[in-house]
Structure formats: C-alpha cells, structure tokens
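The structure appears right after this line, and notes come after that.
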There are 2 protein chains.
Amino acid sequence: MSEAAIQTYTRADEAFDCLQTAIVKGDLVPGEKIGEVELCSRFNLTRGPLREALGRLESRGLLVRRPHAGVKVVSVSAEELLELYRIRETMEGLAARQAAERMTDDEIADLQATLDSHEKMIEQAQGQAYYQAEGDYDFHHRIATGSRNTKLAQMLLGDLYYMVRMYRYRLSTSSGRPHMALEEHRRIAEAIAQRDGELAEFLMKRHINAARKNIETKIHNGTLSI
Amino acid sequence: MSEAAIQTYTRADEAFDCLQTAIVKGDLVPGEKIGEVELCSRFNLTRGPLREALGRLESRGLLVRRPHAGVKVVSVSAEELLELYRIRETMEGLAARQAAERMTDDEIADLQATLDSHEKMIEQAQGQAYYQAEGDYDFHHRIATGSRNTKLAQMLLGDLYYMVRMYRYRLSTSSGRPHMALEEHRRIAEAIAQRDGELAEFLMKRHINAARKNIETKIHNGTLSI
DNA sequence: AGTCTATAGATTGTTGACAATATGATCCCT
DNA sequence: AGGGATCATATTGTCAACAATCTATAGACT
C-alpha cells in the first residue's frame with residue numbers, strides 16, 4: 001500500500017536529476033551558456049529526454065531559455081535571494097502551523113530524534129558546512145511534508161528548496177550560526193509537539209527571518225559576494 | 001529596452017498554451033487518461049513538442065504522469081482546493097505588502113482605474129461568472145507583479161492561479177459575492193495607495209480567507225460538488 | 001466459477017536524421 | 001577606420017521511425 005517507490009525510472013527523469021544536482025552543486029555555472037550536445041555527452045543521454053528535462057527545469061525556474069539561443073542556469077541577484085527568504089518565511093510559517101495540527105505523534109518523535117542527531121553532527125563535524133546544510137534541509141523537509149498540504153509541500157520541496165540549496169552550496173552560507181539554528185529548531189519542534197500551531201508559525205517565521213538577516217548583513221559586510 | 005515580447009514562439013510553447021487553457025477551461029477532464037496521439041491530432045502538433053509541453057505542465061502540477069501509462073489532468077479534492085486558498089492567503093498577503101512598498105504611483109493609479117471598470121462590468125454583466133473571474137484575476141495579477149518579487153510573482157501567476165482558475169471554471173464559483181469582493185479590492189488598493197504595507201497584507205489575507213470560507217460553506221451545503 | 005498467467009495490441013519512451021534560426025565573422029560601404 | 005549588412009556555421013527546434021513497457025483480453029488451471 002505504501003507508495004511503491006519509482007516503479008520505472010525514465011531517461012528523462014534521470015536527466016532531470018542529473019541536471020538538478022549539477023545545478024545545485026554548482027557544477028553548472030549560472031549565466032554561462034550550456035550547449036545541449038555538451039550536456040548529452042556529459043551525462044550520456046540523447047537530446048530527446050534531455051530537452052524534456054530542460055523544459056521541466058525551466059518551468060521550475062532553475063533554468064532560463066531563449067528560443068534558438070540555448071539555456072543557461074538562472075543567475076539570482078542578492079536581492080532576489082533575500083526575496084526568496086521572504087517567501088520562505090510566509091510559506092514555511094504556514095507549513096509549521098499546519099504541521100502542528102496534523103503531524104502524527106510518531107512523526108513528531110522522529111522530528112525530535114533527528115534534532116538530536118543533528119546536534120551530534122554539528123559537534124563532530126565542527127563547522128563543516130555540508131552537514132549543517134543537510135541537517136537543516138532535513139528538518140524543514142519533514143515539516144513541509146508534515147503539513148499534509150500537498151501543494152505547499154510541492155512548492156517548498158520542488159521549487160524553493162532547490163534554489164536555496166543552490167545558493168547554500170555556492171555561498172557556503174550554512175547559516176554560520178549552527179547552535180543558534182539548532183536551538184530554534186528545537187523550539188519549533190517543541191511547539192509542534194504541544195500542538196501549538198500559532199506558536200510554531202511564529203517561531204518558524206522568526207527562524208527564517210533570522211537566517212535572512214544573517215545573509216543580509218554578510219552581504220553588506222562584503223563577506224558574501226554574489 | 002522594453003521586453004521585446006516573445007520574439008520567437010516555438011511549437012512547444014504553443015502546445016503548452018493550448019494544453020494549459022484546455023485544462024483551465026475544463027476541456028480536458030481530470031482523472032481521465034489522455035493519449036498523446038489524440039492530443040497531437042487535436043492541436044495539430046507532433047509528439048516531440050507535445051511531450052516537452054507535457055513535461056512542463058507536469059512539473060507545474062497540472063498534470064500527473066505515470067511512466068509508460070500516460071498522463072491525466074490532476075484531480076484536486078475539495079480539501080486540496082481549500083488548502084490552495086490557505087497558500088494563497090499567505091503568499092498574496094506578502095505580495096500585497098511588498099506591492100504597497102514598491103508599486104509605482106502610475107501602477108497604483110492603473111490598479112484603481114481597473115477597479116472602476118470592474119464595477120461597471122459587474123453591473124452590466126449581472127452575475128456573469130466569466131467577467132467576475134476575469135476582473136478578479138486582473139486585480140490579483142497586478143498586485144503579484146507589483147510586488148517586484150520575481151519568484152513570488154512567478155509562483156503565484158505560474159502555479160497557483162492556473163489551478164484556481166481551473167476550479168473557478170469547473171465549479172463556476174466566481175465568489176458569488178461580487179460586490180463585496182469589489183469592495184474588498186477597493187480597500188486593498190486604498191491601503192496600497194497609502195503605502196500602508198501592513199494593512200494591505202491584513203486586508204488581502206482577510207479577502208482570500210473570506211473567499212475560502214465562502215467555498216467551504218458551499219461545499220458543506222452541497223451547492224458545490226467536486 | 002473464479003483466479004492467475006500468458007500473449008497480443010496499443011501506447012509511451014527513445015533515437016537519429018532533417019529543418020529553421022541565432023550567432024559570429026567577413027566584407028562592403030560611408 | 002568605424003558601422004552596418006551579408007553569409008557561413010553551429011546550435012536549437014522538429015519530425016518520423018524504432019524499441020520498450022503497460023494494459024486488456026483470452027485461455028488454462030485450481
């Protein structure tokens with residue numbers, strides 16, 4: 001009865017995944033034009049499925065396409081990155097509220113358990129940006145799905161997070177405040193556990209707002225350059 | 001310097017538009033399987049571009065696809081439709097706030113002018129759902145773009161609105177309260193004109209919340225069936 | 001009789017060749 | 001010499017045939 005994984009994995013799906021991770025990890029540089037044939041040889045694909053994947057990526061906003069002129073990875077300005085966080089603030093606030101109302105007790109227990117493992121990871125991998133980013137992603141992912149709001153989860157996980165992760169890799173801006181972020185996560189999880197939707201929403205909004213301000217000051221400092 | 005319209009219109013774009021409007025207008029029934037060749041003959045297309053369009057529609061959530069089994073128009077339950085309004089509430093609230101901060105005076109004047117024409121349309125086309133829906137769409141469209149938040153506008157206009165419009169057509173649920181909706185629009189426009197972002201956000205959220213409740217009661221009444 | 005299996009048909013996914021368009025360099029004109 | 005138009009090239013968009021997969025029908029077995 002449980003969703004039987006991806007029964008059949010089509011070439012276009014493969015292309016989609018390859019391209020997506022390549023974009024997120026920064027192997028494909030924004031602004032630079034990328035030829036289709038080059039991509040084909042790179043991922044051992046043929047142009048048909050590749051084009052289909054390009055179309056999907058485009059409609060998700062990770063690529064921009066100009067007819068007969070090729071595609072390039074979207075280049076997001078500093079302002080647009082900050083706008084992204086404004087969107088996250090409202091949407092994830094909603095997700096947190098609905099998650100507080102709808103997550104099962106088991107899911108909440110899991111959520112809190114993952115926070116413990118995140119704590120260990122942070123201590124072990126002192127400042128290793130990668131683990132911080134993955135832990136953070138894991139937490140937000142669980143809440144998005146926990147909202148039981150299909151479209152909301154789809155928009156967050158399918159659209160926004162890829163973009164955010166892309167800039168995480170690129171700017172290696174994994175918050176730089178791991179302990180504080182973890183503490184905020186803990187509080188949000190606690191609010192959810194108490195089924196206090198309003199509080200969960202408030203805390204989540206403040207959490208993301210703090211992350212945004214953090215990036216904002218870094219940009220003004222010149223620590224971050226886009 | 002002004003965006004030179006769509007210079008070249010590719011077959012895939014054509015397919016995308018055709019399919020999108022067909023879905024929105026309800027010519028393509030949700031849940032029912034649709035063959036590719038059938039669509040090709042219907043829109044005078046070949047399978048290549050069509051498939052690309054299908055991919056785009058799928059990643060926007062208007063179609064669901066099962067490998068080797070075909071595509072079908074997404075069927076949204078009543079609960080999911082209401083969830084959609086919850087998402088709109090937060091996102092359009094943000095849009096209204098940012099629009100109040102960023103729209104030009106000219107844009108605001110235009111916005112208020114369109115409301116006048118909407119009023120006339122409502123009076124002339126007594127209860128004609130179509131015009132109500134179009135006027136409503138126009139208003140929200142202007143605010144979304146007025147937010148100057150590229151990604152936000154993209155998500156609202158490229159994702160949510162198509163889905164909402166789809167269900168507008170299908171349920172012909174054009175609010176059923178045109179005068180009240182217009183009055184709410186007026187107040188939102190006024191708040192934007194006064195550059196009162198907080199108020200604009202509040203009013204927009206309340207406006208969409210009212211629309212959601214309206215649908216909710218209709219569903220419980222049995223007036224609306226999905 | 002009901003259920004499971006195997007096969008045939010149809011539909012989707014993929015491939016490689018063909019046509020249309022944009023880019024860049026060359027050449028001509030002012 | 002600089003700017004603009006022209007043309008060649010390379011790249012993208014499109015097409016039609018081929019291969020792989022699913023669904024439905026029919027048959028056999030329990």
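All chains are named by letter (A, B, ...) in the order of the sequence lines, taking the proteins before the strands, and each is independently numbered beginning at 1.
In this entry the distance linking CZ of R47(A) with P of dA16(D) reads 16 Å, nearest Å. The interatomic distance linking R11(A) (CZ) with dA20(D) (P) rounds to 12 Å, in whole Å. Taking atom CG of residue L45(A) and atom C1' of nucleotide dT14(C), one finds them 11 Å apart after rounding to whole Å. Rounded to a whole Å, the NZ atom of K72(B) is 18 Å from the P atom of dT11(C). Atom CG in L50(A) sits about 14 Å away from atom P in dT11(D), given to the nearest Å. Atoms CZ (R66(A)) and P (dA20(C)) sit 21 Å apart, rounded to a whole Å. Atom CG in D13(A) sits roughly 13 Å away from atom C1' in dT14(C) (whole-Å rounding). The interatomic distance linking E36(A) (CD) with dT14(D) (P) rounds to 11 Å, in whole Å.
A side-chain donor-acceptor contact under 3.5 Å links T104(A) to the backbone of E107(A).
Residues satisfying the side-chain contact (heavy atoms from CB on, under 4.5 Å) test with T90(A), not counting sequence neighbours, are T90(B), L94(B). Applying the side-chain contact (heavy atoms from CB on, under 4.5 Å) rule to T150(A) yields the partners E80(B); only residues at least two apart in sequence or on another chain are considered. Take Y161(B) and apply the ring-ring contact (aromatic ring centres under 6.0 Å, His included) test, not counting sequence neighbours, and it matches Y137(B). When the salt bridge (Lys or Arg N to Asp or Glu O under 4.0 Å) test is applied to R86(B), no partner is found at least two apart in sequence or on another chain. Under the salt bridge (Lys or Arg N to Asp or Glu O under 4.0 Å) criterion, D110(B) pairs with no residue, sequence neighbours left out.
Between E52(A) and A69(A), the residue anchored nearer the 5' end of DNA chain C, judged by the nucleotide with its closest heavy atom, is E52(A). Mapped onto DNA chain C by nearest heavy atom, H68(A) and P49(A) fall at different nucleotides, with P49(A) at the one closer to the 5' end.
Of the side-chain N and O atoms in T10(A), one or more sit less than 4.0 angstrom from OP1 or OP2 of dT14(C).
Contact check of residues 28-35 of chain A against DNA chain D (heavy atom, cut-off under 4.0 Å) returns K33(A), I34(A), G35(A).
Between D136(B) and H118(B), the side chains place no donor N or O within less than 3.5 Å of an acceptor N or O (distance only, hydrogens not considered).
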